[in-house]
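For reference, the structure discussed in these notes is given below.
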Amino acid sequence: MMYSSRRKPVLYFKEERRNEISKVPHQQPRKFLTGKCTIYKLFGLCMVLVLVSLLWLQLSCSGEMSSSMHEDGRLPQQQQQQPCPVDSQASAADNPSWGPHKLALIIPFRERFEELLVFVPFMHTFLNKKKIRHKILIVNQVDHYRFNRASLINVGYLESGNDTDYLAMHDVDLLPMNEALDYGFPEDGPFHVASPELHPLYHYKTYVGGILLLTKKHYHMCNGMSNRFWGWGREDDEFYRRLRKAELQLFRPNDITTGYKTFLHIHDPAWRKRDQKRVAAQKQEQFKVDPEGGLTNLRYQVESRQELTISGAPCTVINTKLECDQSQTPWCLLA
């Protein structure tokens, strides 16, 4: 019924025109306003007007742009200082005020996508505010062995490229909330950002996990991290011993007053249960120092690299398959 009522005025209009035409036999009907095509023709006329308006607007903008350019083709200084957001970030990173060093932010990763979606844009913005040149490397373990955080950090170090000169061993579930935290080049020695008096969970004096900055030279002096730690935990404690063996002085933040609220820990233990099982000889081996293992005996394959952008923040995902010598570490597989 609604459809019929909408068509009634059109039918009435057609009948009225027929009567007028019959009264004036010599007058030819104007085709533009007759028949079923009237609405379509009006719509077409509107489209033409819209296109003409857009063309006029484009020509006007082009004329204004041309008139505002110098004779040598450059924009005035005021307009040059307002580039697109992407160009702005690129030019800022090339600014000498950012310093000569570049950070490789290494994230050992497996199936923590919810945290990753938060972490990458957060850290990209955080480091840009501090004028830290950086690239974010997500070292994603895609094999069927147990998670090996230390080996993935070793992979990140080797795959980080020659354009970076220091690295951050960074957990994906730990976000710095205090902008006073220093992520700069740790020239004097390793810098433990997530120190025991600031980390929300781990408070013992020899703790060096969470977020640790090292120059590549210092990391190489330690031969990287031990590859014997499959499953969760203990690799940081072994690395602390390596720092001492290499006679490297460990530094930690000063004058941070936010205490245990300095970081946001976004790990949900009820949802993300850690692999804390100790299998066979692993119970005895977990407290031992690995005198030879590290970068020198790391075995891995890079399956692929993917350049991603998460909420405008660029990162590189390195899909990695680790190799396990089961005669040396049979606990790389769960029993």
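Heavy atoms only: backbone and side chains are in, while hydrogens, waters and symmetry mates are out. Every value quoted in this text rests on a predicted model; they were computed, and no experiment measured them.
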Other residues, nucleotides, ligands: >12 heavy atoms within 6.0 Å of [X] [atom1]:
{"X": "Gln326", "atom1": "CD", "answer": "yes"}
{"X": "Glu323", "atom1": "CD", "answer": "yes"}
{"X": "Lys216", "atom1": "NZ", "answer": "yes"}

[X] and [Y]: side chain donor to acceptor below 3.5 Å:
{"X": "Asn148", "Y": "Asn227", "result": "no"}
{"X": "Asn319", "Y": "Ser304", "result": "yes"}
{"X": "Glu238", "Y": "Ser226", "result": "no"}
{"X": "His192", "Y": "Ser195", "result": "no"}
{"X": "Asn154", "Y": "Tyr219", "result": "yes"}
{"X": "Tyr300", "Y": "Glu159", "result": "yes"}

Determine, step by step, whether Ser160 and Leu167 satisfy the side chain to side chain contact (heavy atoms under 4.5 Å, CB included) criterion, reporting the C-alpha distance in whole Å, the side-chain angles of both residues, the deciding distance to 0.1 Å, and the verdict.
-> CA-CA 9 Å; Ser160 58; Leu167 58 92; over 6 Å; no
From [X] atom [atom1] to [Y] atom [atom2], the distance as rounded to the nearest 0.5 Å:
{"X": "Leu198", "Y": "Thr258", "atom1": "CG", "atom2": "OG1", "result": "6.5 Å"}
{"X": "Asp143", "Y": "Leu322", "atom1": "CG", "atom2": "CG", "result": "5.0 Å"}
{"X": "Thr206", "Y": "Leu250", "atom1": "OG1", "atom2": "CG", "result": "10.5 Å"}
{"X": "Leu137", "Y": "Phe109", "atom1": "CG", "atom2": "CZ", "result": "13.5 Å"}
{"X": "Leu174", "Y": "His199", "atom1": "CG", "atom2": "NE2", "result": "4.5 Å"}

Grab the two heavy atoms, one from [X] and one from [Y], that are nearest each other, plus how far apart they are.
{"X": "Lys261", "Y": "Met177", "answer": "O-CB, 4.0 Å"}
{"X": "Leu152", "Y": "Pro108", "answer": "CB-CB, 3.9 Å"}
{"X": "Glu197", "Y": "Pro253", "answer": "OE2-O, 4.2 Å"}
{"X": "Val208", "Y": "Leu212", "answer": "O-CB, 3.7 Å"}

Going through the checks in order, is the salt bridge (Lys or Arg N to Asp or Glu O under 4.0 Å) test met by Lys130 and Asp182?
-> CA-CA 9 Å; Lys130 299 180 73 64; Asp182 187 7; 5.7 Å; no
Between [X] and [Y], does the ring centre distance come in under 6.0 Å?
{"X": "Tyr145", "Y": "Trp230", "value": "yes"}
{"X": "Phe191", "Y": "Tyr183", "value": "no"}
{"X": "Phe119", "Y": "Phe122", "value": "no"}

With a 4.0 Å cut-off, would you call Asp163 and Lys135 a salt bridge?
->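 Yes.
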Qualifying residue for ring pair (Phe, Tyr, Trp, His ring centres under 6.0 Å) with His134, from His101, His124, His170 |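 Answer after filtering His101, His124, His170: His124.
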Show your reasoning for whether salt bridge (Lys or Arg N to Asp or Glu O under 4.0 Å) applies to Arg299 and Asp325.
-> CA-CA 9 Å; Arg299 300 292 181 268; Asp325 184 353; over 6 Å; no
Might you work through the side chain to side chain contact (heavy atoms under 4.5 Å, CB included) test for Arg112 and Leu117, ending with a clear yes or no?
-> CA-CA 9 Å; Arg112 301 284 292 275; Leu117 294 176; over 6 Å; no
Can you check side chain to side chain contact (heavy atoms under 4.5 Å, CB included) on Leu295 and Leu158, steps first, answer last?
-> CA-CA 8 Å; Leu295 296 173; Leu158 294 174; 4.3 Å; yes
Please report the C-alpha distance between Lys129 and Glu179 in whole Å, then the side-chain angles of each, then the deciding distance to 0.1 Å, and finally whether the salt bridge (Lys or Arg N to Asp or Glu O under 4.0 Å) criterion is met.
-> CA-CA 9 Å; Lys129 286 182 179 179; Glu179 293 187 1; 3.7 Å; yes
Does the pair Met169 and Ile211 meet the rule for a side chain to side chain contact (heavy atoms under 4.5 Å, CB included), with working shown?
-> CA-CA 6 Å; Met169 303 154 54; Ile211 309 169; over 6 Å; no
Pair Thr296-Asn223, side chain to side chain donor-acceptor pair (under 3.5 Å): steps then yes or no | CA-CA 7 Å; Thr296 51; Asn223 191 24; 3.2 Å; yes
Can you name the residues that form a side chain to side chain contact (heavy atoms under 4.5 Å, CB included) with Tyr260, not counting sequence neighbours?
->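 So Tyr260 forms a side chain to side chain contact (heavy atoms under 4.5 Å, CB included) with His203.
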